[in-house]
Trainee: 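Could you have a look at this structure, given as structure tokens, before my questions?
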Amino acid sequence: MSPDTVPSPKKPDPNSLAHSIPPGFVIGTATAAAQIEGASTAAGRSVWDDLSAQPGRIIDGSDTSVTCDHYSRYAEDVALMSTLGADAYRFSFAWPRLQPGGSGALDPAGIDFYDRMLDELAEHAISPFATLYHWDTPAELEVGWLDRDTALRFGEFAGLVGERFADRVDAWITLNEPATVTLNGYALGIHAPGETLLFDALPTVHHQLLGHGLAAQALRAASVPGRIGITNVHSPVHAATDSPEDAAMAQLFDIVHNRVFADPVLLGSYPDVPDELAPLFGALGGADSRDLDTICQPLDFYGLNYYMPTRVAAGAGTGASPDGTAEAMTGLPFHLVDIDEYPRTGFGWPIAPKHLGTALAEMRDRYGAALPPVYITENGASFADEVAPNGTINDPERIAYLDAHLRAALDAVAPGGAADGVDLRGYFAWSLLDNWEWAAGFTQRFGLVHVDFDTLERTPKASFEWLRQVLAARQR
Ligand code: IFM
């Protein structure tokens with residue numbers, strides 16, 4: 001072999017992974033309305049419709065108007081899931097499509113769309129996991145989650161959707177990644193609604209979590225038979241060095257990224273904050289204990305999204321964040337440090353499957369018996385996939401990524417594993433389709449299925465065929 005010949009990575013054996021998957025373990029794909037549906041302003045507008053209309057907000061100048069046109073092509077997309085052999089599909093109900101303006105009765109056209117999509121899933125025996133909020137706040141709700149009233153609006157919305165679709169949804173996820181909404185949307189200004197409030201964004205934590213609690217109550221009041229949970233994104237956090245300064249900032253980041261969203265939901269209290277950091281959390285200090293009772297609802301499952309670990313150092317740095325550059329980052333007392341020892345995804349995120357096991361172990365160690373059964377509700381990677389002249393898309397990195405992460409999760413929860421004791425019930429690959437990746441527009445492809453954003457043609461990638469083989473070879 002000549003020195004410049006790069007050996008192609010060996011494709012992980014689908015049969016070997018299939019044999020590690022326990023019977024009954026749910027495997028599916030995940031998407032979100034604003035990222036795939038298009039027809040986004042057919043009823044009401046969302047804060048993302050408004051943000052993407054502002055010049056300079058989205059890296060490639062794209063917007064939410066068409067994305068993957070799933071609104072028209074949902075039947076083709078469900079057929080793809082069926083070919084894949086997926087057990088379940090995690091999608092989100094678009095709040096502004098179902099309830100334009102965020103108040104009042106549900107819109108008949110919105111109901112009709114989700115009815116038809118759910119019919120299609122039922123016809124293919126694919127279990128629906130529905131997220132009620134995946135970031136598309138109705139634009140009319142002015143300051144959004146800074147306002148306590150948005151939590152009340154969201155609770156009402158959940159009740160209406162619960163009543164209307166009660167018999168059709170197997171699992172309900174109230175919120176998706178409230179951490180990303182607070183950090184990217186309100187603290188750093190990368191995501192909608194584009195606020196740069198840094199620690200003054202903390203009221204959005206409380207209001208989103210209150211919205212979660214009210215939504216869970218409303219779903220129970222609607223007697224939905226489906227299970228009820230929430231999805232948080234977790235990132236194990238490490239200090240860049242052994243210095244006390246870096247350790248303190250790593251602890252701070254762990255609190256604002258992980259604990260402040262999981263502790264109230266599972267334990268009914270905000271995490272203890274060291275005295276020297278307490279002034280930063282003033283905005284949470286006055287939280288009403290009755291709200292915490294509402295937030296801490298009994299849950300049937302906990303959704304965990306995992307993408308990467310985080311390394312933190314003290315002191316202001318550049319504006320680099322995992323989701324793009326944010327000038328506001330430079331106003332923080334810490335910065336994120338590149339983790340160079342791992343290969344990276346197209347987004348530059350470290351590929352560190354073992355840390356998925358760490359994230360699960362942290363959940364067990366922190367929450368013990370308060371942790372309900374867990375689903376990994378998102379995990380996946382973007383790569384610069386290329387369409388070969390014969391029209392095929394070979395994405396060996398994504399195959400290796402999915403294989404390594406699913407194995408890491410299963411190994412971690414196995415007897416004697418790092419997260420032994422966690423009741424892990426399933427895994428959802430992010431994502432079914434290449435889609436609209438928020439501020440990164442169409443520049444990051446996460447799909448098992450390639451989408452040509454000019455023609456909207458779908459082409460399953462090699463990773464789709466590989467996962468199809470894994471699913472087909474499972475023990476039932
Ligand atoms: O695309 C997003 C998704 O909407 C939420 N979790 C992370 C994904 C990749 O950035």
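Ligands are counted one by one from 1 in listed order, and the atoms in each one are counted from 1 as well.
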Trainee: Taking everything shown except E341 itself, do over 12 heavy atoms lie less than 6.0 Å from its CD?
Mentor: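 Yes, the 6.0 Å shell around CD holds more than 12 heavy atoms from other groups.
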Trainee: At less than 4.0 angstrom from any non-hydrogen atom of H134, what atoms of ligand 1 do you find?
Mentor: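 The atoms of ligand 1 under 4.0 Å from a heavy atom of H134 are 3 (C), 4 (O), 5 (C).
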Trainee: Does atom CD of E76 have more than 12 heavy-atom neighbours from other groups under 6.0 Å away?
Mentor: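 More than 12 within 6.0 Å, yes.
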Trainee: What are the atoms of ligand 1, with element, lying closer than 4.0 Å to any heavy atom of Q35?
Mentor: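 Within the 4.0 Å cut-off of Q35, ligand 1 contributes 1 (O), 3 (C), 4 (O).
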Trainee: Which ligand 1 atoms does E177 reach within 4.0 Å, using its non-hydrogen atoms?
Mentor: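 Reading through ligand 1 atom by atom, the close ones are 5 (C), 6 (N), 7 (C).
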Trainee: List every atom of ligand 1 that sits less than 4.0 Å from any heavy atom of E378, numbering the atoms from 1 in the order shown and giving each element.
Mentor: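 Taking each heavy atom of E378 in turn, ligand 1 has 3 (C), 5 (C), 6 (N), 7 (C), 8 (C) under 4.0 Å.
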Trainee: How far apart are the closest heavy atoms of P322 and L336, and which atoms are they?
Mentor: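 Taking every non-hydrogen atom into account, CD-CD1, 3.7 Å.
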Trainee: What protein heavy atom is closest to atom 1 (O) of ligand 1, reported as residue, atom name and distance in Å?
Mentor: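 Looking only at protein heavy atoms, the one closest to atom 1 (O) of ligand 1 is E437 OE1, 2.6 Å.
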Trainee: Could you tell me whether R97 and E37 make a salt bridge, using a distance below 4.0 angstrom between a side-chain N and a carboxylate O?
Mentor: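 Yes, R97 and E37 are salt-bridged.
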Trainee: Just distances here: any N/O of W438 and N/O of ligand 1 closer than 3.5 Å?
Mentor: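 For ligand 1, there is an N or O atom that lies under 3.5 Å from one belonging to W438.
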Trainee: Would you say W349 and ligand 1 have an N/O pair spaced under 3.5 Å apart?
Mentor: no
Trainee: Between F428 and F129, is the gap from one ring center to the other below 6.0 Å?
Mentor: yes
Trainee: Which option, Y307, W436, W135, owns the non-hydrogen atom nearest atom 8 (C) of ligand 1?
Mentor: Y307
Trainee: How close do D77 and L432 get, counting heavy atoms only, and between which atoms?
Mentor: O-CD2, 4.0 Å
